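Note sheet for the following structure.
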Amino acid sequence: MEEYPTKQPTENLDDPPNSRLFVVTSRSITEDALRDAFSVFGDIQGVWVVKDKQTKESKGICYVKFSKSSQACLAMEEMHGKQLAEASKPVKVFIAQSRSSTRHRDVEDEELTRIFVMIPKSFSEEDLKDTFKEYGDIEYCVIIKNKFTGESKGLGYVRYYKPSQAAHAIENCDKTYRAILAEPRTKATSTEDYSGGSNRGEYMGSNDTMNQYAPPMGDPGNYQAMDFRSADFTRSLMVSTRAAVTQEQIFALFDIIPGMEYCELQRDSYGMSKGHALIRYSNLGSAVYAKEKLNGFEHPPGNRLVVNFVDDGEDRNSPVGRMAMQFVAAQMMSSVWNGPSNSQVMKPPGFSSVSTMSRVQTDVNLPPLKKLAPPDSKTKERLFVVFSPAQLPPDVLEDVFCRFGSLIEVHLVPGRKVGYMKYAEKQCADDALAALHGRVVNGVKMKPAATVMTLTPDPTDRPTSSPPPDL
DNA sequence: CGACGGGACGC
DNA sequence: CGACGGGACGC
């Protein structure tokens, strides 16, 4: 009759996301008491009371895993503050931090009540509300619009009052909405007041510009003393990656440069990498230096990281920015020679040769690199490319296919040996096709072919010359 | 304040 | 031979 196994594999703890509770309670509360109290809210997959290794006594902490996030959220909402037994202290109930996360602050309702959805461009905020109100009371709906034209970008936010409502929406709404929990806004400007009612005032009370929710992850070490360190010079970087990387990998890489105060890989609702990480250093120099050295760094090999400043309109090439960077560089060099002046570990092997290696080996005589066309360029031609024996990494493909000009985007079909190269000019696509058909890059044979555009193009736009070879 | 076990897959 | 993703908030 083991309906509810107490154990489950570690890899299921966060699946689905936010389906596990962190419960702080009296040390006297037993697993059975917890199970009794929480099982009415859903299917419990496991209960674990954390005990002292030696004494085997409960530490007053436990985890309760549900099969669904909505069940866990409901249990949290209903049980928080309740007494599980006579004379026991009221329980505190939170959604457990995912096991892969290194953060230590509680998961707040703020992070669990807003969803992010893809909607038809024709949707008004009223339509959005009407669609999602069946899952719970909505505090507000917002559609992301073009700032100038006011046209919808087909994306929206829905804020519910309770985490269980947001979870319910994510679990049950039509898949085409692709509902996920919204990432909290990154800049804590905090004076938002959508409701007129309950004031979400967690951010109030901090009257300086230091960031309130930065876990002190890096060790600022000796560099705090430098003149460049001040809230005014605090700078953030955005790291983009196309291949999967872990939070730990990004952390380790950017922690090489002293002064990292914040590092978070942004995740989607399934806990996978979304391809972006936010890094913040305590000072401008470290941020400038990190971008200088790590932009283009391949990690893992073949996956080029792109590092940019989070755009705030500041000029990084200002004399003070360069001085700040040189200051950090000098500190790091001296630390390499003299040994670390603090607990920080410097540089991985090959650090100095960042981004100097070519990642493309081919017999094709390639033209030089060309800039990509802007992402919003209209696609005039797509090449359908078949790879053998396997796909090439997207950054390698971008490197190769951009060289004929006007490349907008590389798109690989997941799990298949094919992909698309989008071009803003037909001639460029034709040139790439002619130069690359049947050629080998990094041991992979490529067979690009022109595709039929679904949106019928202007006939005057299609020259009759140079038909695709070999087809 | 209050954060992560014990035991060991299966053809 | 082969075939279709994505996605972020005026401070």
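All figures in this text were calculated on a predicted structure; none of them were measured in a lab. Within every chain, numbering begins at 1; the chains are lettered A, B, ... in the order of the sequence lines, protein sequences first and strands thereafter.
For A:L181 and C:dC9, the CG to P distance is 18 Å, given to the nearest whole Å. Computed from coordinates, the A:K65 NZ to B:dC4 P distance equals 19 Å when rounded to whole Å. Atom P of nucleotide B:dA3 and atom CG of A:L13 are separated by 17 Å, given to the nearest angstrom. Summarising the geometry, the separation between CZ on A:F22 and P on B:dG2 is reported as 9 Å, rounded to the nearest angstrom. For the pair A:H80 NE2 and B:dG2 C1', the interatomic distance rounds to 12 Å; values are reported in whole Å. Between the CG atom of A:D52 and the P atom of B:dG2 there is a distance of 14 Å, given to the nearest Å. Between the CD atom of A:E110 and the C1' atom of C:dC9 there is a distance of 13 Å, rounded to whole Å.
Minimum atom distance to the side chain of A:M118 is reached by C:dG6, of the listed C:dG6, C:dG5, C:dC9. Distance from the side chain of A:H411 is smallest for C:dG5 among the nucleotides C:dG7, B:dA3, C:dG5. Closest to the side chain of A:Y420, out of C:dC4, C:dC9, B:dG5, is C:dC4. The side chain of A:I61 has B:dG2 as its nearest neighbour among C:dA8, B:dC4, B:dG2. Here C:dA3 is the nucleotide among B:dG2, C:dA3, C:dG5 with the atom lying nearest to any side-chain atom of A:F384. Among the nucleotides C:dG5, B:dA3, C:dA8, the one closest to any side-chain atom of A:K422 is C:dG5. Side chain of A:K447, nearest nucleotide from C:dG6, C:dC1, C:dC9: C:dC1. Side-chain proximity of A:R178 to the nucleotides B:dA3, C:dG6, C:dG2 is greatest for C:dG6. Looking at the side chain of A:V418, the nearest of the listed nucleotides B:dC4, C:dA8, C:dG2 is C:dG2. You'll find that the side chain of A:R416 is closest to C:dC4, out of C:dG5, C:dC4, B:dC4.
When atom types are taken as modelled, the side chain of A:E57 and the backbone of A:K51 share no donor-acceptor pair closer than 3.5 angstrom. At distances below 3.5 Å, not a single donor-acceptor pair connects side-chain atoms of A:N442 with backbone N or O atoms of A:V444.
In this structure, CD in A:Q83 is found 8.0 Å from OG in A:S26, a value given to the nearest 0.5 Å.
Residue A:K92 places a side-chain atom within donor-acceptor reach of the base of B:dG2, judged by atom type and a 3.5 Å distance cut-off alone. Between the side chain of A:R185 and the base of C:dC11, no donor-acceptor pair under 3.5 Å is found. At a cut-off of 3.5 angstrom, the base of B:dC4 holds at least one donor-acceptor pair with the side chain of A:R20. Taking only distance into account, the side chain of A:R382 meets the base of C:dC4 through a donor-acceptor pair shorter than 3.5 Å.
Nearer to the 5' terminus of DNA chain B, by closest-nucleotide assignment, is the contact made by A:D106 (compared with the other of A:D106 and A:V49).
Contact between A:L412 and A:P394 at its shortest, heavy atoms only, is CD1-CD, 3.8 Å.
As judged by a 4.0 angstrom heavy-atom cut-off over every strand, A:K147 is placed among the base-contacting residues. Among the protein residues, A:V413 comes within range of the sugar-phosphate backbone only, with heavy atoms under 4.0 Å from sugar or phosphate atoms but none that close to a base. Residue A:K53 is classed as a sugar-phosphate contact, given heavy-atom separations below 4.0 Å to backbone atoms only.
Cation-pi geometry between A:R382 and A:Y420 is met: under 6.0 angstrom from the ring centre, within 45 degrees of the axis.
OP1 or OP2 of B:dC4 has not a single side-chain nitrogen or oxygen of A:K51 nearer than 4.0 Å.
C:dC9 takes the anti form, because its glycosidic angle lies more than 90° either side of 0.
Each of A:T362, A:V410, A:V441 was checked for a side chain to side chain contact (heavy atoms under 4.5 Å, CB included) with A:V396, and the lone residue meeting it is A:V441.
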- Are A:E264 and A:R103 close enough, and set up right, to give a salt bridge (charged side-chain N to carboxylate O under 4.0 Å, His left out), and what steps lead you there? CA-CA 9 Å; A:E264 185 172 14; A:R103 300 189 313 180; 3.7 Å; yes

